[in-house]
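The structure under discussion appears below in the form of structure tokens.
Excluded from the calculations below are hydrogen atoms, water molecules and symmetry mates; all remaining heavy atoms, backbone and side chain alike, are included.
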Amino acid sequence: MSKGKDNVLKKEFKQKDVQRLRNLVQGKHGEKTGQGIGYSKKEEFHKEGDIWEEDGRKWTIKDGIKQNITKLDKAKKAHVMPIFCPCCKKPMKKRFDKDYYNIHKKCFDCVIEFETELRRIGAFEEYQRNIQNSEIDGFIENFKAYVEDRLNESTDSFITEQGDIEKWDGGLNKDRVLESLQSTIEYLEKLKK
């Protein structure tokens, strides 16, 4: 038995296989080796930052990569914490970095350094007062929106746990609710310093 006959190549090369190999050797990696018949898509070339629509979706090129643009991109960008602090350029990997980045847009160490400097120059109390007042203002706005939504809700009927529809008479006394809302807002305003 001769080993030479067992190692014989059993595949015959076609012209396009030979041409493909020639293209690879010559460095022509994207060259075509055959002709297609039928539908050919119109080729569009885009550069960095271009925005276009294709198949009902918006696309762009960022850092050389084709990416889909969605409605939630802004929300994702606002929520994602960068790897390095924008202020000091150090990695943000400490325990409180994410919480402090969401509020101050810098790492925990930068916030501590900033607040220490404010204490040194005597401006920390005003800074702290502004933060507390802005939190109260935000709470008041959210509370107003909640009460207005509840007032605009239909309270004509309710569905019980058994699936029965109950019709209720009466409803909310809107004047009384608005009066209570106003007194709550006045109380919260008094909490401001």
From SG (Cys87) to NZ (Lys105), nearest 0.5 Å: 14.0 Å
Hydrophobic cluster identity match, Val177 and Ile185, side-chain contacts under 4.5 Å: yes
Linked, directly or transitively: Leu178 and Ile140 (ILVMFWY side chains, under 4.5 Å): yes
Residue pair Lys90, Asp109: steps toward the salt bridge (charged side-chain N to carboxylate O under 4.0 Å, His left out) verdict: CA-CA 10 Å; Lys90 292 181 184 173; Asp109 291 340; 5.8 Å; no
Side-chain heavy atoms of Gln128 within contact of Phe124, under 4.5 Å: yes
Residues Asn23 and Gln19: side-chain donor-acceptor under 3.5 angstrom: yes
Side-chain heavy atoms of Glu189 within contact of Glu186, under 4.5 Å: no
Under-4.0 Å salt bridge between Glu54 and Lys66: yes
Residue Gln67 excluded, over 12 heavy atoms near CD under 6.0 Å: yes
NZ or CZ of Lys144 within 45° of Tyr146 ring axis and under 6.0 Å: no
In one Ile/Leu/Val/Met/Phe/Trp/Tyr side-chain cluster, 4.5 Å: Leu21, Val18: no
Side-chain heavy atoms of Val111 within contact of Lys106, under 4.5 Å: yes
Euclidean distance, Arg22 CZ relative to Gln26 CD, rounded to 0.5 Å: 8.0 Å
CD1 (Ile165) with more than 12 external heavy atoms under 6.0 Å: no
Aromatic ring proximity Phe114/Tyr127, centre distance under 6.0 Å: yes
Side-chain heavy-atom pair Ile69, Trp52 within 4.5 angstrom cut-off: no
N-O pairing of Glu179 and Arg176 below 4.0 Å: no
ILVMFWY network linking Phe143 to Leu151, side-chain heavy atoms under 4.5 angstrom: yes
Where Lys98 and Met81 come nearest, the two heavy atoms and their spacing: CA-SD, 3.4 Å
Pair Arg129 + Glu126, salt bridge at N-O below 4.0 Å: no
Shortest non-hydrogen contact between Asp73 and Asn68, atoms and distance: OD2-O, 4.0 Å
Flag if over 12 foreign heavy atoms under 6.0 Å of CD1, Ile121: yes
Cluster check Leu181, Ile136: I/L/V/M/F/W/Y, side chain < 4.5 angstrom: yes
Heavy atoms of other groups near Lys14 NZ, more than 12 under 6.0 Å: no
4.5 Å side-chain heavy-atom contact, Arg20 and Leu24: yes
Note, Pro82 side chain near Tyr101 side chain (heavy atom, < 4.5 Å): yes
From Asp50 atom CG to Trp59 atom CH2, the distance as rounded to the nearest 0.5 Å: 14.5 Å
Closest non-hydrogen atom pair, Asp97 against Cys107: OD1-CB, 3.6 Å
